[in-house]
Amino acid sequence: MKKMATGNQAAAFAVREADVELVAAYPITPQTEVVETIANLVETNKMKASYIRVESEHSAMAACIGASASGARAFTATSSHGLLYMHEMIHWAAGARLPIVMANINRAVGPAWNIWAEHTDSLSQRDTGWMQTYTATVQEVYDTILMSYKLAEKVYLPAMVCLDGFILSHAIQPLDITLPGDFIPPIDLPHALDTKNPMSYGNLTGPNDYFKFRRAMQDAMRNAEKESRAIEKEFAERFGRKYGPVMEYRASDADTVIVGMGTLAREAEVAVDTLRKEGMKVGSIRVRQFRPFPKLNLEGKKVIVIDRDCSFGAGGILAQEIRFHNDVPVFNVIAGIGGQDISHDVIAKLVRKAKPEGEFWLGVD
Amino acid sequence: MIEIRIHSRGGQGGVTASKLLAQAAFLEGKYGTAFPLYGAERRGAPVTSFTRISEKEIKISSQVYNPDIVVVLDDSIMDLVDVTVGLKDGGLLLVNTQHDEKLKDPKYKKFKVARVNVTDIALAEGLVLSGNPILNTPILGALAKLGVVKLDSAVKAIEDMFSDERNVKAAKAAYKKVVV
Amino acid sequence: MVDDIPEKEYLYKGNTACAGCSAMLALRYILKAAGPDTIIVNPACCSTVCQGSYPKSAYGVPVLNIAFAAAAAAADGIASAKRNKGKNIIVFAGDGGTVDIGIQALSGAIERNANILYVCYDNEAYSNTGMQKSGSTPYGAITTTTPTGRQDSKKDIDLIIMAHRPQYMASASAAYPKDLYAKVKKALSIEGTKFIHVQCPCPSGWRYSTEKSVELGKLAVKCGMWFLYEYENGKLTLNAPTKVALKKPAPLEDYVKPQGRFKGVNLERLHKEVDEGMSRIKGLADLETLEKAKEAAQ
């Protein structure tokens, strides 16, 4: 069924179609429409999940952990400060190897209070053991949540699906509410709390054993690369929409590539077309899967990375990952901070002015 | 691709108007997208929303800087903000107003100016919410008359979103009453 | 009643509140009572946005804007630093940041007898983020996360606060500004933790016409859905409008009908809750009488 929907609504519909059993969430701008849509669907009996209106985000993740640990499919959504408030429990969910899926509506971090799009919130959680995907269209939000449940329940790591605050969360675009059928098999958690097979989970573990659990998480994350590809392939075969760890546009024969995440990277494709008409051999690479981080095709290319985030003292986080994985010089543009608008015109200008290396803050430099 | 910018005040339904437009375009088989430029949720504060309509997929998600069409749901905003900034020469400026004095200003000469009084239309239909007249559904009717979307798609978009029939009645009234 | 309310304003025109916002009405009188030697601690709530956007502020005293859950703790931090002795440290928090996500910090602060005045302005929902349900949302109210009306009852934060035995506690209303002014003035003359709970009707969230805020605030008190009282040294004193309301409450319908949020509410059940609330407050007010009677009997 095709209808117009916002990114937030798409998330709510995906949660319904994924047969999520428990939703626990706390409102925060610009995530609110996700929980409001779910509340509506649940109260009008259009969705079977239990919905807990928790009193804080820390409790939201704690409730999801409880439900998931008991073997139920769980979901929450948040943004920015909400994400940071649940930080302790985000670590917990991954360490407990629970296949929770969370939508994070990317928003800047205060002070100052700023409700607009920025990736620093979710990127600051990159060490926690959560898989992370950055979406750029309403359809992709819907599809990615479905694929994320399948993936999370395969590798037993939680998954974060990110969408830009307001720019994607509040934008309406056409959405095909594809019914997944049996694409996501029924959940079957091997380590679920079971009265017939009583086990204690998460108790005190000493230095001679603890590292084994952490190594298992690292292995699971590495395994997620392979599993993601299989799931994307199956999704494409069944539903006709192709996704990968990166989405390249006119990049194979390009001598310069623009790399970014989220909606800005899709807008960059318009800049690519403009620059190509001017005779420049430019392409773009939209990084979709940030954790586990993919290897990019950057051999022999000039690399311009647009970071909608900043790790103070180290610069753009996407740029750091690329420098580490690909060992290439990068011209790192820091743009879109706090919702600063980035149009395709501006991206094209940045490409024309780009140096081989260095850090460039849009609006300052 | 057509780019539309809508100026309104929080609570008047400007954001919904932008969505209804995109929805109408979608019903015509086109690609539509709409999104708001929000401050925090405040009744009465100026709000801007954008709609883009195209035959092809739209990859642009940044703000509309050079609209083809500007819609103003509350003419008092024109005292605070230059609503025509970026509007292409010959572009359409549609204003909800009870008098045309403001619109006679020479600075609007290079645009195609249209006006309609959707406030009165809404009040006449009893289309009021918490004391505020509902302006977004009637304005869609005016935009249909100006050829932005078809009247049938506008009506269907309204019916899909609102069950109250007065919305469609108001839209049809605005369709008749809009003046260039 | 106080008639010598100073004229100087500390809440400036151009604050970006909704039309009809009674929280700003309350703040106006709170700041008049507090004066310039005041620091406001403001967690995420409507008041965050009412200050206006950078680079301006509509509040005429220093404001520390702080994370949602942290107000009481941050305020205690300011109050405990010796350099701030003598200043009024006032938290101005919404019901969300007090009753739900902020309750841990508040509980801790009262338990430590932090030298702060904590004002909870209560519009009975998470208004700043678009009217989602809060722990303070009354039974039957429609919010965006209770679209068919809240099915359970609100949290009675006042009883929770009383159990902590603060130095002073009061229940007030934006519709009774002189009473609020007097309570703030009294609170600020006391050392230790003070808590004032102010009901602030919200036209955007409660769905009524913006000019009715004061009228509805008064009706809330008159029909017994909100009380005006003070709690000090283990004793609860009811203020005059509530004494009147308890003897002869105004019809609940008069309060409920103008509010879109109560559309379709089960009035009978709401009445029951209101009646229970009135009995409870009468009981608490009579507690001292009971204690004295017990002592006399021994």
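Letters A, B, ... are given to chains in the order of the sequence lines, protein chains preceding strands, and every chain is numbered from 1.
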Greater than 12 external heavy atoms within 6.0 Å of K88(B)'s NZ: yes
Contacting moiety of I58(B), where chain A heavy atoms sit under 4.5 Å: backbone
K59(B) charged N/C atom sitting above Y249(A) aromatic ring, 6.0 Å / 45°: yes
Non-hydrogen atoms of S61(B) and E267(A) that approach each other most closely: N-OE1, 2.6 Å
Per-residue contact mode, Y65(B) against chain A (heavy atom under 4.5 angstrom): side chain
Region of T137(A) that comes under 4.5 Å of a non-hydrogen atom in chain B: neither
Minimum side-chain heavy-atom gap H170(A)-V15(B) below 4.5 Å: no
Distance (rounded to the nearest 0.5 Å) between S62(B) OG and D345(A) CG: 8.0 Å
Nearest-0.5 Å distance, CZ of residue F26(B) to CG of residue L175(A): 9.0 Å
Under 4.5 Å from a heavy atom of chain B, the part of I342(A) involved: backbone
Top contributor to chain A contacts, counting heavy-atom pairs under 4.5 Å, from T33(B), D160(B), L27(B), I60(B): I60(B)
Closest non-hydrogen atom pair between G32(B) and P174(A), with its separation: O-CD, 3.8 Å
Approximate separation, where rounding is to 0.5 Å, of I172(A) CD1 and K19(B) NZ: 6.5 Å
